[in-house]
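Taking it in order: structure first as structure tokens, then the write-up.
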Amino acid sequence: MERSCFTLDLGAVRRNVATLLRAAEPAEVWAVVKAEGYGHGAVDVSKAALDAGATALCVATLPEALHLRAAMRNARILVMGPVSEREIGEARVARLELVAAEERTIPEGVRTHLKIDTGMGRWGLSELPSPTRDVVGVMSHLASAEADPAFTQLQVERFREATMGLGSLTRHLANSAATLRYAEARFDAVRCGIAIYGISPFGGDPADEGLEPTLRWESYVALCKKLEPGESTGYGRRFVADRPTWIGIVPVGYADGFRRDMTGTEVLVGGERRRVVGAISMDALAVVLDAPVSDDTPVTLLGGGVLIEQHARVAGEIAYEIAVGLNTRSGRARRVAVDG
């Protein structure tokens with residue numbers, strides 16, 4: 001039996017894009033599919049997003065863009081991170097778009113977006129140079145759209161002032177949170193990542209934003225055993241039974257993306273919520289059971305009401321970090337895409 005399986009719901013991806021299109025109208029929606037589509041599968045997510053009406057794809061690196069170009073000959077692809085001089089030539093050949101965010105010459109012969117720093121404090125020009133014929137867009141990056149309305153409004157106004165008179169260029173600023181909350185931030189296009197995957201940018205229930213989780217992660221109980229009082233499970237004896245206790249061992253661990261700091265979260269065992277206990281190891285985790293179960297009882301680690309936002313809260317992290325840490329590519333798990 002396979003250790004675990006990731007199932008990507010392409011129908012949910014499309015419905016999430018449709019939700020964002022309604023929120024962003026009349027702006028375009030550009031799908032952010034960096035980090036292997038936030039761990040979900042970049043090519044599958046990209047194709048579904050474009051089918052649903054997204055008009056461009058955004059990645060962080062040239063290799064990510066070339067990976068997509070090999071699968072999608074005509075897709076519009078923007079590389080948002082820095083590139084080397086050598087990579088500029090590769091981008092030109094592959095018909096990619098680049099971002100100019102440093103005080104240097106704008107690349108020639110490749111469609112370019114000028115990035116201005118309005119408060120993120122990372123890459124970005126302090127002021128916009130005169131656009132050349134290869135410049136097609138101007139952009140910035142919001143620092144805290146999910147939590148700080150005042151600073152978000154300040155960034156929006158800085159961007160608006162900096163781009164006045166550049167109506168011939170595509171202006172894009174909003175991320176998922178701003179697309180859902182700030183009409184004034186939408187301009188000509190929005191760059192949405194986390195919401196496309198059905199994960200709330202605000203850390204709450206995605207259904208509150210009209211979003212559907214797109215990934216399901218399933219495994220099974222490989223061993224069911226009874227601990228007597230004083231007996232423990234896992235490294236460091238972090239869980240010691242204080243009474244006769246049934247536990248189930250699931251063959252998934254931090255090498256698969258189920259992080260050690262997610263101890264205490266809940267998963268579904270045979271459809272019932274059960275708590276993860278003890279130290280999560282590289283290849284296994286333990287759950288407390290009310291009663292013994294068969295050794296092939298299904299376990300749902302994500303999906304079916306088990307939210308990645310819940311795991312993130314337990315871990316004290318953001319859902320983004322949990323998502324991109326899922327190991328869907330190494331052969332440890334099966335990965336399938338379905339049209340739900």
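Keep in mind that this is a model prediction, so the values were computed, not measured.
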Review point. Please, which pairs that meet salt bridge (Lys or Arg N to Asp or Glu O under 4.0 Å) have at least one residue in residues 116-135, sequence neighbours excluded?
Key: none

State, with a plain yes or no, whether a side-chain heavy atom of [X] is found less than 4.5 Å away from one of [Y].
| X | Y | result |
| --- | --- | --- |
| Leu215 | Thr7 | no |
| His311 | Val306 | yes |
| Thr265 | Thr263 | no |
| Glu184 | Arg160 | yes |
| Val267 | Val276 | yes |

Check your understanding: For Thr179, what residues pass the side-chain hydrogen bond (donor to acceptor under 3.5 Å, both in side chains) criterion, not counting sequence neighbours?
Key -> none

**Study point:** With sequence neighbours excluded, residues passing side-chain hydrogen bond (donor to acceptor under 3.5 Å, both in side chains) with Thr297
**Key:** Ser294

Exercise for review: Take Thr233 and Val240, measure what side-chain contact (heavy atoms from CB on, under 4.5 Å) needs, and give me the verdict at the end.
Suggested key: CA-CA 7 Å; Thr233 184; Val240 179; over 6 Å; no

Quick check: does any side chain N or O of [X] sit under 3.5 Å from a backbone N or O of [Y], one acting as donor and the other as acceptor?
| X | Y | answer |
| --- | --- | --- |
| Arg15 | Ala18 | no |
| Glu272 | Val269 | no |
| Thr112 | Ala100 | no |
| Asp256 | Val252 | no |
| Thr163 | Leu166 | no |
| Glu102 | Leu125 | no |
| Glu212 | Ala12 | no |

Return the [atom1] to [atom2] distance between [X] and [Y], rounded to the nearest 0.5 Å.
| X | Y | atom1 | atom2 | value |
| --- | --- | --- | --- | --- |
| Leu78 | Leu96 | CG | CG | 9.0 Å |
| Arg191 | Leu20 | CZ | CG | 14.0 Å |
| Leu142 | Asp148 | CG | CG | 11.0 Å |
| Leu128 | Met164 | CG | CE | 13.0 Å |
| Phe258 | Leu285 | CZ | CG | 5.5 Å |
| Glu25 | Arg186 | CD | CZ | 10.5 Å |

With sequence neighbours left out, what residues match [X] under salt bridge (Lys or Arg N to Asp or Glu O under 4.0 Å)?
| X | value |
| --- | --- |
| Glu317 | Arg259 |
| Asp188 | Arg171 |
| Glu90 | Arg86 |
| Asp290 | Arg274 |

Does a side-chain N-to-carboxylate-O contact under 4.0 Å join [X] and [Y]?
| X | Y | result |
| --- | --- | --- |
| Glu266 | Arg273 | yes |
| Arg14 | Asp9 | no |
| Lys34 | Glu64 | no |

Distance-only donor-acceptor pairs under 3.5 Å for side chains of residues 192-210, two or more places apart:
from, atom 1, to, atom 2, distance (Å)
Tyr197, OH, Val32, O, 2.8
Ser200, OG, Phe202, N, 3.0
Ser200, OG, Gly203, N, 3.4
Asp205, OD1, Ala207, N, 2.9
Glu209, OE1, Arg181, NH1, 2.9
Glu209, OE2, Arg181, NH2, 3.2

Is [X] isolated, or which residues cluster with it under the ILVMFWY side-chain rule of less than 4.5 Å, directly or via members?
| X | value |
| --- | --- |
| Leu154 | Phe151 |
| Tyr254 | Met282 |
| Leu223 | Leu227, Phe239, Ile247, Ile249, Val277, Val288 |

Practice item. Report yes if the distance between the aromatic ring centroids of His40 and Phe6 is under 6.0 Å, otherwise no. Key: no

Check your understanding: In terms of side-chain heavy atoms, does Ser4 have a donor or acceptor partner in Ser219 at a distance below 3.5 Å?
Key -> no

Could you tabulate the donor-acceptor pairs under 3.5 Å formed by side-chain atoms of residues 49-58, not counting sequence neighbours?
from, atom 1, to, atom 2, distance (Å)
Thr55, OG1, Glu28, OE1, 2.6
Thr55, OG1, Trp30, NE1, 3.2

